[in-house]
Each structure stands twice: as structure tokens, then as C-alpha cells.
Amino acid sequence: MLEIRLIRDDIDAVAARLQKRGFTLDIDRIRSLEEERKQVQVETQDLQAERNQRSKAIGRAKAAGEDIQPLKDEIAGLGDKLKAVSGRLDTLQAELDTLLLSVPNLLHDSVPEGLDENDNVEIRRIGVPQAFSFSPRDHVELGEALGQLDFERAALIAGSRFATLNGGLARLQRALIQYMLDTHIEQHGYTEVYVPYLVNSESLKGTGQLPKFEQDLFKIDGESDYYLIPTAEVPVTNLVRDQILDAVSLPQRMVTHTPCFRSEAGSYGKDTRGLIRQHQFEKVELVQIVKPEHSYEALEQLTGHAEVLLKSLELPYRVMLLCSGDTGFSAAKTYDLEVWLPAQNAYREISSCSNFESFQARRLKARWRNPETGKPELVHTVNGSGLAVGRTLLAIMENHQNEDGSINIPAVLQPYMRGQQRLEKASS
RNA sequence: GGAGAGGUGGCUGAGUGGUCGAAAGCGGCGGUCUUGAAAACCGUUGAAGGGAAACCUUCCGGGGGUUCGAAUCCCUCCCUCUCCGCCA
């Protein structure tokens, strides 16, 4: 959410910056709503002040033993008038809030202009794709040949866009999770957290998934206001909702592993094969709560933390700076890490690292007390995948495959696999 | 699931219809004293919105209601605690 003051002060400049990402701000509607809001608010507050004054006078008169009936008569009608005006104020405020909640974040100046992913800018490219002496198979073929990846069983149990793993592959996924968590905890200074996988709508509103992106979520049917988390960003960032944090507690660096659930509505026919786009997948998520002046530094640092994993897993990747049209709703600036997939002969997203500046913090009312001003001020939030585990698993399968269909386990994962060096058909 | 007790400022905790945004204590900040610190004493100390400011409004778990007036009464939801039952 943007600061209403910013919009009030210079709505044209804000609208111009939003246009950069293809969002058209309804200037006239906001102007007229704001104008009426201001007038109705003053009116409401005047009436409230009058009511308070007169009620206190009645209190005094009563204490003095005077007849209060005449005073009560004088006030007749004020209540109804107040109710009408404040009702109107509530309506106006609600309309403005709804409008503001669906306005995306302003982009950082360093974000290149562009329409879609084709305009994203490659920042750096690390690692060289392996030259195979045979035609590399994709992870579906490899996994099914190993007998350790099964989409048919999953379709039977749940439906499309689910997978079952068994034996070595299931263990390798678990090894990846442990390795990623341990690396961030031990080398990058993150604190591990464990959080709910079901969250309420307030939390989703706080991080920006609601109200605009309800169709991407799985909602739990019933009385309770629960959604399955689409990313751990939601519960973890909400740890600081409605808080005024101590300056010395910043930055907060948190890491967690959770499953993530996405409806993938609107992605019919896209990535239908394999593990790339599933309704359920595992992800290790990095979240930082920082002072505003450090958030861009934190974004670079956090992106680097995710990159460490790709390097150590010997996976070639590139870092993309998303252009204005491709940057997500809540983000001010985003780097995507894209891993090389030999079977697709392409780089595919495996991590997305964003600085949200105060956009989420404003919705979350997540603040810190600035010692310089003594006042509560909004924090900045930064997060990124470190990494998407399912996609990492398939990247390992495809990049580290052998001609016989076995898969080399990267050295850093072997300690988590009792020293096992390869996944083979016999292994389990 | 059944029965009961609660949710008040950074914390503890008073307040059951009227100058209550809220006593008191702790903590924080500033000062006096001191070579310095501690102690003691004095002062100060919540958040949000509107306004250039004076100042005004709102907030005592959330929402709704009664009343001239609600932290206080009523309804409803959420959460915490105790006991019983059930359970990974």
C-alpha cells in the first residue's frame, strides 16, 4: 500500500510512476473521494466535539444536582445527525482503502522499463552449462526411469499438478532442505523459524496477496478464515505485524522451510509436464526486516545468499533484474535467479528476491522506533527464495545426469545422504 | 466437545455509566545532586488521523448495540488461562 499522503501531495507524479509498470491510477475518483472525505471528516469531528462538550456539561449539571432534562432536549437530533455523517465517512474511507489496496508499489529508479519478461535485464551469468556427450533427458524421464518419481500415482491420489517421490529422490529432496537451512543458519546468520501453513486473510492482506490475487490461493472451506500459504513469505513477514520493533533488534533475518500451495489458476497448459509448476512444492524462504536505509543493501546480500546455494550445488544460473512490467505487485525491485535446465535448453526461475520497501510494512503496521526521531517508523521488508526446492531437485537431476540415467549427487549434499554419491535405479 | 475465569498503555495492574487516554508501580527519557556512577528527589514518557498552528477527533481484544454520555451495560466473534473429556 502506498502512503495516502504521497498520493494526496502529488497524485500526478505518483500516477506517472505507476504508469511505468502499466498501472493506470484512477486520479479523478481518488481526488473526488479525498475531497469529500476531508469535508465529511471535519463535519464528523465537529459534531463529535459538540457531543462530547454537551455530554460533559450534562455530567457536571447532574453532579451539581440540577435538572438535566432541558440540556438533554437541546441535544436531541444531534445523535442522528452524527450517525448519518459518520456513516458516510466510513463508506468513503472503505472505498478509498479498497482502492488503495489494489494499487501496486512504486518501482525503484534502477528498475528498467519494459513490458514483460523479454525485457528483463541479465545482470550476471555464473557457471557454464555442461556439454553432454549424449542427448540429456528431462527430469520426468529420468525420475520415472529411476522409479522414484510418479505423476500418475499423484494424479490418482490428488489430481493434476501433483507428484510423488520415493526412495533416493525423496531423500534427496529432504537433503536439499536440510542443506539449504543449515547454510543460511550457519553461514548467513539467519534464525530458523517455524510457522503456520494456514493463515488468515489479514495476513495475506498484509503481504499483498489479498485482495487482488485471491484466485491464486487455496481457500479452506468452512467457517474459519483460512488459506493455504502460497509462500512462507506470508506467515514469516507477518511475525512483525502490528509491532513497534526495537532499533537494536534490526535487521531481523529469518529462514524457514515450508510447503507452498498455489492454485495456478490461469496457467492452464503452461508447464504441465514435470515438477516445474505444482500445486504443492517445498521452498526455503529468506525474510529480512530492516531499517529503510539498509533495504537495498539487504536485497543484494539476500540475493547473494541464494546464489551461494546454486554455486555449491554446481548449477549454472543467471541473475535477472526484472523490468517494470514484470515486477510483482508488492515489489519495488526484484532479482530473479534462473537456473539452467539442459532438457529445456533454457534458464528457468528458481528464486525471486525482492525489496518491498515500506509497501508491506504499511499494510502490516510493522514499525521500528527510530532513536533519532523517537517516533515509530515503517520498516522495510525484503525476501527471496533460498531456494525453491522442487525446482532445485529437478535442476540437479537434469544437470547432473549420466548417460545411464543415474544422477550424481552434488558433494555438499552427500553428507546428508550418508555419503551416497549417485542416485541409481537400484538405490532407495 | 463440556464447565468456569479473563483480555486495560513497553510491562505489572487499578478502574463497573459522567471532566478517564485512563490511578499506582516498574521500565524509558530529561534534570538536580555527584569527580563519575548508583541511590534519592523533580519533571517527562502510548498510537493513529485532521490542521500552518492553537487545537480537535479516534483508539481500553475485533465488530455491533443501548445511552445525552461507554474501559465500565447488552449482543456477537476472536484469543488466553483453569478443570473435565478426547486425541497425534
Side-chain angles (χ1 to χ4, degrees), chain A residues 1-11 30-101 194-206 210 220 222-227 235 238-250 252 259 358 361-379:
Chain A
M1 188 154 63
L2 301 181
E3 191 179 5
I4 181 68
R5 234 179 289 236
L6 195 67
I7 295 177
R8 278 201 293 258
D9 287 351
D10 199 352
I11 193 166
I30 292 180
R31 274 218 179 103
S32 74
L33 277 173
E34 256 301 304
E35 201 175 316
E36 195 187 352
R37 191 227 92 227
K38 203 161 171 173
Q39 182 212 319
V40 173
Q41 181 165 340
V42 169
E43 220 174 306
T44 303
Q45 293 188 351
D46 285 349
L47 285 172
Q48 283 171 332
E50 185 181 350
R51 180 203 60 196
N52 292 348
Q53 251 175 19
R54 287 178 179 267
S55 292
K56 279 181 182 173
I58 291 175
R60 277 194 299 268
K62 198 177 170 195
E66 294 165 20
D67 181 12
I68 60 170
Q69 195 53 47
L71 291 171
K72 285 173 78 166
D73 292 343
E74 273 177 45
I75 242 180
L78 191 137
D80 290 338
K81 223 157 75 185
L82 178 58
K83 199 172 279 183
V85 183
S86 71
R88 177 67 189 150
L89 181 62
D90 290 346
T91 309
L92 286 167
Q93 201 63 63
E95 277 180 53
L96 266 168
D97 285 348
T98 307
L99 211 80
L100 283 176
L101 280 173
Y194 172 80
V195 290
Y197 301 162
L198 296 176
V199 294
N200 57 37
S201 55
E202 268 308 299
S203 296
L204 288 155
K205 208 169 103 185
L210 288 181
I220 304 294
E223 318 256 305
S224 57
D225 171 36
Y226 286 149
Y227 294 79
N238 270 275
L239 284 170
V240 295
R241 169 148 59 108
D242 288 320
Q243 299 235 7
I244 300 175
L245 303 165
D246 213 334
V248 298
S249 74
L250 301 176
Q252 288 188 21
S358 60
R362 189 168 295 107
R363 291 169 166 240
L364 291 162
K365 295 186 188 68
R367 294 167 293 172
W368 66 296
R369 193 172 295 278
N370 186 345
E372 282 173 33
T373 61
K375 290 284 166 200
E377 296 173 14
L378 294 169
V379 297

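Order of the sequence lines sets the chain letters (A, B, ...), proteins ahead of strands, with each chain counted from 1.
Between the P atoms of B:G2 and B:C56, the separation comes to 49 Å (whole Å). Separation of the C1' atoms belonging to B:G15 and B:C20 is 9 Å when rounded to the nearest angstrom. The same atom, P, is picked in B:G28 and in B:A39; the two are 9 Å apart, to the nearest Å. Taking the P atoms as reference points, B:A71 lies 15 Å from B:G65, given to the whole Å. Across the C1' atoms, B:C33 and B:C41 are found 9 Å apart, a figure rounded to whole Å. Separation of the C1' atoms belonging to B:G46 and B:G10 is 9 Å when rounded to the nearest angstrom. Across the P atoms, B:U16 and B:C26 are found 24 Å apart, a figure rounded to whole Å. Here the separation of B:A22 from B:A47, taken at their C1' atoms, is 14 Å to the nearest Å.
Closest approach of A:Gly206 to A:Arg363, counting heavy atoms only: O-CB, 3.4 Å. Between A:Gln243 and A:Leu239 the shortest heavy-atom distance is NE2-O, 3.5 Å. A pairwise comparison of heavy atoms in A:Asp225 and A:Ser201 identifies OD2-OG, 2.8 Å as the closest pair. What you find for A:Trp368 and A:Ile244 is that their closest heavy atoms are C-CG2, 4.2 Å.
Near RNA chain B, defined here as any heavy-atom distance below 4.0 Å, the residues from residues 36-61 of chain A are A:Arg37, A:Lys38, A:Gln41, A:Gln45, A:Gln48, A:Ala49, A:Arg51, A:Asn52, A:Ser55, A:Ile58, A:Gly59, A:Arg60, listed numerically. Using a 4.0 Å cut-off on heavy atoms, the residues of residues 67-81 of chain A that approach RNA chain B are A:Lys72, A:Ile75, listed by number. The stretch residues 239-249 of chain A has no heavy atom under 4.0 angstrom from RNA chain B at all.
Protein chain A contacts RNA chain B from B:G18 to B:G69, reading 5' to 3' and using non-hydrogen atoms of the protein with a distance under 4.0 Å.
Residue pairs that meet the salt bridge (charged side-chain N to carboxylate O under 4.0 Å, His left out) test with at least one member in residues 43-56 of chain A, sequence neighbours left out, are A:Glu50-A:Arg54, A:Arg54-A:Glu74.
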Sequence neighbours left out, cut at 3.5 Å: what donor-acceptor pairs do the side chains of residues 58-73 of chain A make with other protein atoms?
residue: A:Asp67; atom: OD1; partner: A:Gln69; partner atom: N; Å: 3.1
residue: A:Gln69; atom: NE2; partner: A:Asp73; partner atom: OD1; Å: 3.0

Let me have the donor-acceptor pairs involving side chains of residues 84-94 of chain A, under 3.5 Å, with sequence neighbours excluded, atom names and distances please.
residue: A:Ser86; atom: OG; partner: A:Leu82; partner atom: O; Å: 3.1
residue: A:Ser86; atom: OG; partner: A:Lys83; partner atom: O; Å: 3.4
residue: A:Arg88; atom: NE; partner: A:Glu36; partner atom: OE2; Å: 2.8
residue: A:Arg88; atom: NH2; partner: A:Glu36; partner atom: OE1; Å: 2.8
residue: A:Arg88; atom: NH2; partner: A:Glu36; partner atom: OE2; Å: 3.0
residue: A:Thr91; atom: OG1; partner: A:Gly87; partner atom: O; Å: 2.9

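Contact check for A:Met1 versus A:Leu101: side-chain heavy atoms found under the 4.5 Å cut-off.
Residues satisfying the salt bridge (Lys or Arg N to Asp or Glu O under 4.0 Å) criterion with A:Arg8, sequence neighbours excluded, are A:Glu34. When the salt bridge (Lys or Arg N to Asp or Glu O under 4.0 Å) test is applied to A:Arg362, no partner is found at least two apart in sequence or on another chain. Residues meeting the salt bridge (Lys or Arg N to Asp or Glu O under 4.0 Å) test with A:Glu95, sequence neighbours left out: A:Arg29. Judged as a salt bridge (Lys or Arg N to Asp or Glu O under 4.0 Å), and not counting sequence neighbours, A:Glu377 has no contacts.
Stem analysis of RNA chain B (Watson-Crick or G-U pairs, both distances under 3.5 Å, runs of at least three) returns B:1-7 with B:78-84, B:10-12 with B:24-26, B:27-32 with B:40-45, B:46-50 with B:55-59, B:61-65 with B:73-77.
Atom OH of A:Tyr226 sits in a sparse spot, with 12 or fewer heavy atoms from other residues, nucleotides or ligands closer than 6.0 Å.
Projected onto RNA chain B by closest heavy-atom contact, A:Arg369 and A:Ile4 fall at different nucleotides, the more 5' of which corresponds to A:Arg369. Comparing A:Lys83 and A:Lys375 by the nucleotide of RNA chain B that holds the closest heavy atom to each, the one mapping nearer the 5' end is A:Lys375.
Side-chain atoms of A:Asn52 and A:Ser55 include no donor-acceptor pair closer than 3.5 Å.
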